[in-house]
There are 2 protein chains.
Amino acid sequence: METLPHPLSLFVKDLALRAPLSPADRDAIYKLPHTLRILETSAYALREADMPTHCGVLVSGFAFRQKIASDGGRQIMAILLPGDAIDLQNLFLDVSDHSIQMMTRGQLAMLRREDIQEIVRTRPGVRQAIFIKILAEASIFREWLVNLGQRQAPERVAHLLCELGFRFEVLGLAEKYGYELPITQEELGDATGITSVHVNRILKKLDASGFVTRNRRQISFSNWSDMRTIAGFNARYLHMQGK
Amino acid sequence: METLPHPLSLFVKDLALRAPLSPADRDAIYKLPHTLRILETSAYALREADMPTHCGVLVSGFAFRQKIASDGGRQIMAILLPGDAIDLQNLFLDVSDHSIQMMTRGQLAMLRREDIQEIVRTRPGVRQAIFIKILAEASIFREWLVNLGQRQAPERVAHLLCELGFRFEVLGLAEKYGYELPITQEELGDATGITSVHVNRILKKLDASGFVTRNRRQISFSNWSDMRTIAGFNARYLHMQGK
DNA sequence: CGATATGTTGAATAACGTCAAGAACAGTGG
DNA sequence: CCACTGTTCTTGACGTTATTCAACATATCG
């Protein structure tokens, strides 16, 4: 009989990549009271202008941060993997400035805002890790700005794939440097600022050149070195201390 | 005989827009020991991969956060106005993931990292304001992602002008809704992900349509309502509580 | 005043978007 | 298991936006 991992184990693992967490720190996180919510594909975990009372942590499935421009276009600003918290920023900001939508079906652990604030106040190790996590995410936003502003469409897509491959890897969600992500071409386009039609053509070319392989909605790549070169990818911005 | 304002007065004013600061909070900030550095145009206040020991606050002049892509292109990720801190994030992150370059000549107040950490630890009001300031900047990065990913070039430029107009306004740096900023078209392009040639053509059109006026390197606009409409600008992302 | 950076313009080109139609796929209920 | 339905993918033809290159004009700065 297999024991299920704790719902927050990836959250702890991810935090521990940022700052050392003592056994007591980990224990304190595991003991945080929480409820589990199951969310279907496309469901909103949080909406712009909401005033969240809880802090959600993605336990399984994928989600993204998004915002709708005035012309109706959607910009995806971040891709959230299991273990990622969706609204740490709302520990300090009352009203959300963007939405979180599920990319797949998944589970969300809901923690009470005050409980996290308490643990941040009393545990320096947890505080350090959470603040670094928040700041590392801001660093990812900056790198995405470079992606959208300075790179051509094929390099943009390749860079996004590199980032996801790397993040999968450090979490232990991918064996070797490959990974598989159930993302639509529309979503890929909304994350990179190009149309889904153009994403399709780019993927076709990357596939034909042997850089990526596609199987249904799963995209993966195995030649890390080539992809890194195409994308101009340097993982420093992820702030994972040499991982 | 006029008394000069305290070098950190705009820093305090900006923080107070985020969270209430008591007279004692303000006093504690004013009493932080600091040295003043004068930086020439194009000088670096901080370089990528540096490990800063101090935290700089812009006292006068303008600067920007930037990163160089592997193809040599520069992406400007934020424009810093007087009162902005340049590396609050390095209170927690050891190594800088981007550079800060001066846009004009200006002064930088250098505060000791430990002094800020101390004041953040002991003064809840200051802590709240600084954290909100950090998170509001992350929100600006997200809005810039929308700008680069979803808006056409003219709207992008207009949106940037709106943001700067608004930020000038709340700091009291602009009378009415106009403002003047000594920014080159090259820099405007690097901030919006378009070439300087195209920026030139866009400004020409915005000028001809009466939306902006240009005088040497100064760009300004007066019809706030029109600009807001063109840009699809909504100030909520700046987190200035209804200001 | 001369040197260098920035701004301006046109013509040619490349990158990307739009529109439209059909094919493959994923989820649904029978 | 199948037929049905809406979604996603794929492809071509064409239009638009933005880039590149190059030349010259105007500022800015020492």
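Proteins get letters first, then strands, A, B, ... in listed order; numbering begins at 1 in each.
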[N] [atom2] sits how many Å from [X] [atom1], rounded?
| X | N | atom1 | atom2 | result |
| --- | --- | --- | --- | --- |
| B:Q218 | C:dG7 | CD | P | 12 Å |
| B:D190 | C:dA5 | CG | P | 16 Å |
| A:D207 | D:dT11 | CG | P | 10 Å |
| A:E186 | C:dA24 | CD | C1' | 17 Å |
| A:I194 | C:dT18 | CD1 | C1' | 15 Å |
| B:R105 | D:dT28 | CZ | C1' | 16 Å |
| B:R151 | D:dA18 | CZ | C1' | 18 Å |
| B:K205 | C:dT8 | NZ | P | 16 Å |

Name the closest nucleotide to the [X] side chain, picking from [options].
| X | options | value |
| --- | --- | --- |
| B:R201 | D:dA18, C:dC16, D:dT20 | D:dT20 |
| A:N200 | C:dT9, D:dT10, C:dC16 | D:dT10 |
| B:H198 | C:dC16, D:dA18, D:dT20 | D:dA18 |
| A:V197 | C:dG10, C:dG17, D:dT11 | D:dT11 |
| B:T184 | D:dA13, C:dG7, C:dA15 | C:dG7 |

Q | Plane angle bin for B:F221 and B:W224 - parallel if under 30°, tilted between 30 and 60°, otherwise perpendicular | A | parallel

Q) So what does A:R214 hit on the nucleic acid, given a heavy-atom distance under 4.0 Å: a base, only sugar-phosphate, or nothing? A) sugar-phosphate

Q: Would you mind classifying the nucleic acid contact of A:G193 as base, sugar-phosphate or nothing, using non-hydrogen atoms under 4.0 angstrom?
A: sugar-phosphate

Q. Taking atom types as modelled, is there a side-chain donor on B:H54 or B:R112 under 3.5 Å from an acceptor on the other?
A. no

Q) If you pin B:E40 and B:Q152 to their nearest nucleotides in DNA chain D, which one's is more 5'? A) B:Q152

**Q.** Flag, side chain of B:N90 to backbone of B:L93, donor-acceptor distance under 3.5 Å
**A.** yes

Q | Any donor-acceptor pair under 3.5 Å from B:D50 side chain to B:P52 backbone | A | no

Q: Could you pick out which residue, A:R156 or B:Q185, lies toward the 5' side of DNA chain C when each is mapped onto its nearest nucleotide?
A: B:Q185

Q) Between A:K204 and D:dT10, is there a side-chain N or O to OP1/OP2 distance below 4.0 Å? A) no

Q) Of the options B:Q75, B:R74, B:K67, which is the one that meets A:Q150 in a side-chain hydrogen bond (donor to acceptor under 3.5 Å, both in side chains)? A) B:Q75

